Amino acid sequence: MNPQRKGWLDWLSERLVLTEIFSLLVSYGFFHAELDSSKPPREALAEAMARPMPSYSAWPRVLGLAAVVLIGVEIFTGGLLTFYYSPTPEGAHASAATILSEVHFGGFVHQVHYWGAQLLLAILALRVLRFFLQRVYRAPRELVWVFASLLLLVAFHAELTGRILPWTGTAYWSGVRALEVVQTIPLYGGLVSFLSGTEGAVISELTLLRFYIFHVVLLPIAMLTLIYLHFSSIRRVGLDPSKVRASASDDGVTFRQHVVNLAILLTVLVAALVTLGVLAPRGLPAGAEPYATLPGVHPPWYLLAPFGFFEITASWLPRWLAGLVLLAATTAFVLVPFWARSLERRGGRLLLMVLAGVAVAVWLALTLYGTKVA
Amino acid sequence: MGVRSPSPGRLVWLLLLAPGAAAADEACVLCHPAERVLAAESIHASEGVGCTGCHGGDPASRDVAAAHRGGFQSLADRTGVPKSCAACHADLEQMRPYNLPVDQYAMYQTSQHGLSVAGGDERAAVCTDCHGVHDIRAPDHPRSPANPANLGATCGRCHGDRSLMERYGHDHELVERYESSVHGRAVAAGNVAAPTCVNCHGVHGATPPGVGDVGKVCGTCHVQARVAFLAGPHGTGLAAANLPECESCHSNHAIHPLDDADLGSLCAECHEGDSEAVQVGLKVRALIGAASEELDRAELLTLEAEKVPLDVEDHLARLGEARTYVTEAQTIVHAVSVEPVEEVTRRARSIGQEIQHELYSELDRTNAHIGLAIFWFYVLMTLVILFGYRRRLGRASGRR
């Protein structure tokens, strides 16, 4: 390469610490190696591009990256929505209606935000399922599992705080139902009540504002932090259960190919979001009336099972004890790496699989029951 | 000079009288505490009318015999009550500050109640039967028996009493029937504008309207219906046959709103099944039905659009206007003529069609779908290029 000829990369490199920016992209899975800052940037980049991919992110292992892209889409579209949204009980529904009917592309941005959230939840849940089936929780991958499961739980919170914001009747009452479930959990329920200003599952003016702050500031920061820690752990230990450390791809895929894969993934994701937004637009039901209970409103789908559990046990199990069971189940889910291994050692893999199958079956049955009684 | 302390006895009844300061000096309370408590809640107490205002006597005396002297009247004889009330309530000078009418006593004397009382009938209603005895409240007070919300029960106390009504040969189920009627249910639901017994029968001059007058009574509220009715063939026909106007179709007391669907079958109750008259009924029914359906469809579409959300305030206002036309048609029906109904329902129908037409085009998502198709064309092109590039890269790395 002719050292005299300087391109835009060299121009930028003289003015910015490019390796820092590059490492930010690396942290969130867009690239998979640091730039060598001792070499000229063009050369370092070319070298990085030609390096083989680590096996954990080679095509078609894209769920993690898709999650990051979707979080990016959510932050971007959510940021646009905040321009017109007003987080007060008087203004929330009217501002949501304005966004949907009057603001240019407001309806479109809203649809993409909604469907992006649903896709994100589905992808995060699928990832946890995949980690379980491929046993990506055994040493040294305990933290990969813990961060992935926490990420899913935080994403549920983001969806819950977001669904109340349009202040429609269905949103309001499904939020109330959700809080009724959450507040029975010992300790955590009290913390939620304290933080969100709810008392006895009553959603007030204060709750709306605090949910808004959680939704647009605190939970996104929590998600970005968790995904960083999760990816950081993956970069150290990889995802291949047969190997202890992260290793290079066997099929010799280079970063350059990976970037093309990334572009394909982005295109497909955006196409999916746009299609869902246009073909299945979410309407805006009538505004919330806190003094008139809307019949037939369900809690959000991920809380239907706990809701059903509370309904079934209402007659013979004290509420706090039912809440304790829910807390224990959630904790057991996050801490799978720390008990599953000894269980596997004692009863073999079959026992764990049966146990997981029973858990999923119970979850589905309770969800079905929760749908019926709600 | 020291302050004279009140005697203990004086203190006791001062305390008892504390709620109603107006009659503080009356000693009646010493023997009649229960009546005093009731009277303290009355509108009379707040206007300074005490026991002696109606009963006379000497309020300052604590001697039983002396207290009941000097124009005292017990009013135990009910027939004397109206006259006693009239002493003030028929006096223009005394009623002027309250802007109360003074013809109530005169009207009462013309009523069935008043005529019976004048004939010495002790059972007929006097003022206190409807207004309360000692605890007389203004008629707009919620607990006043003369309040419109309580009137059914008040009249029903006598007119729902079977043994009492049988003496006079009256039906004792009228009030019950009224309470099941459209009027009674509206009053029960809190509609203070809905008619109670007195709106048709008169207030103080309560007398049942004669057969020929029922229509006029109904017409005081249902003005347009009566105008239409009188202009139509039924108006002259029923009058000639000396049949009641409204009552013939709507009955009395248990007045139920007639459904549009009843129009044809109702006509056939008097007219031949295949007569022209029944045909008119069926035509009118079809016209109103068609307009209502058109508006129902428009309303459903408006609700759908509201959820999108589209701005439907204007549509809702026009829908309200069109609904008024249908109501007008239901009133014009009383003229039993097709043309006026046709004209009004046409207006309602065309508004309904207009709203549907506008909302259909606003709800139309064809453009969005065309846009989506174009978008997918570019997505597929991009994917083809990206996959092609990916394959080339793969081949290049494979050669290495």
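Protein chains get the first letters and strands the later ones, always in sequence-line order, with residue 1 at the start of each. Every heavy atom of this structure was used, including side-chain atoms; hydrogens, water molecules and symmetry mates were not. Since the structure is predicted, the reported quantities are computational estimates derived from the model, not experimental observations.
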task: Evaluate the side-chain proximity of L284(A) to K307(B): yes if any heavy-atom separation is below 4.5 Å, no if none is.
output: no
message: Need one label for L372(B): side chain, backbone, both or neither, based on atoms under 4.5 Å from any heavy atom in chain A.
response: side chain
message: Counting only heavy atoms not in E176(B) (residues, nucleotides, ligands), do more than 12 fall under 6.0 Å from its CD?
response: no
- request: Tell me, yes or no, whether the heavy-atom count around E362(B) atom CD, taken from other residues, nucleotides or ligands under 6.0 Å, exceeds 12.
  value: yes
message: If I take atom CG from residue L279(A) and atom NE2 from residue H369(B), how far apart are they, to the nearest 0.5 angstrom?
response: 5.0 Å
field: Heavy-atom pair of closest approach, residues V260(A) and L386(B)
entry: CG1-O, 3.5 Å
task: Look up atom NE2 in H258(A) and atom CG in L393(B), then write down how far apart they are to the nearest 0.5 Å.
output: 13.0 Å
message: Nearest 0.5 angstrom please: N261(A) CG to F387(B) CZ, how far?
response: 8.0 Å
task: Provide the closest heavy-atom pair for A271(A) versus F375(B) in the form atom of the first, atom of the second, distance.
output: CA-CE2, 3.7 Å
Engaged part of E304(B) at the chain A interface, taking heavy atoms whose separation is under 4.5 Å: neither
Residue pair A368(B) / V278(A): nearest heavy atoms and the distance that separates them: O-CG1, 3.9 Å
query: Could you state the interatomic distance from CG (L100(A)) to CG (L310(B)), rounded to the nearest 0.5 Å?
result: 10.0 Å
message: Let's test your reading of the structure: which of A96(A), A263(A), P285(A) forms the most heavy-atom pairs below 4.5 Å with chain B?
response: A263(A)
- prompt: Near R185(B) CZ, under 6.0 Å, is it more than 12 heavy atoms from other residues, nucleotides or ligands?
  reply: yes
Considering all heavy atoms, the nearest R390(B)-Q257(A) contact: O-NE2, 4.4 Å
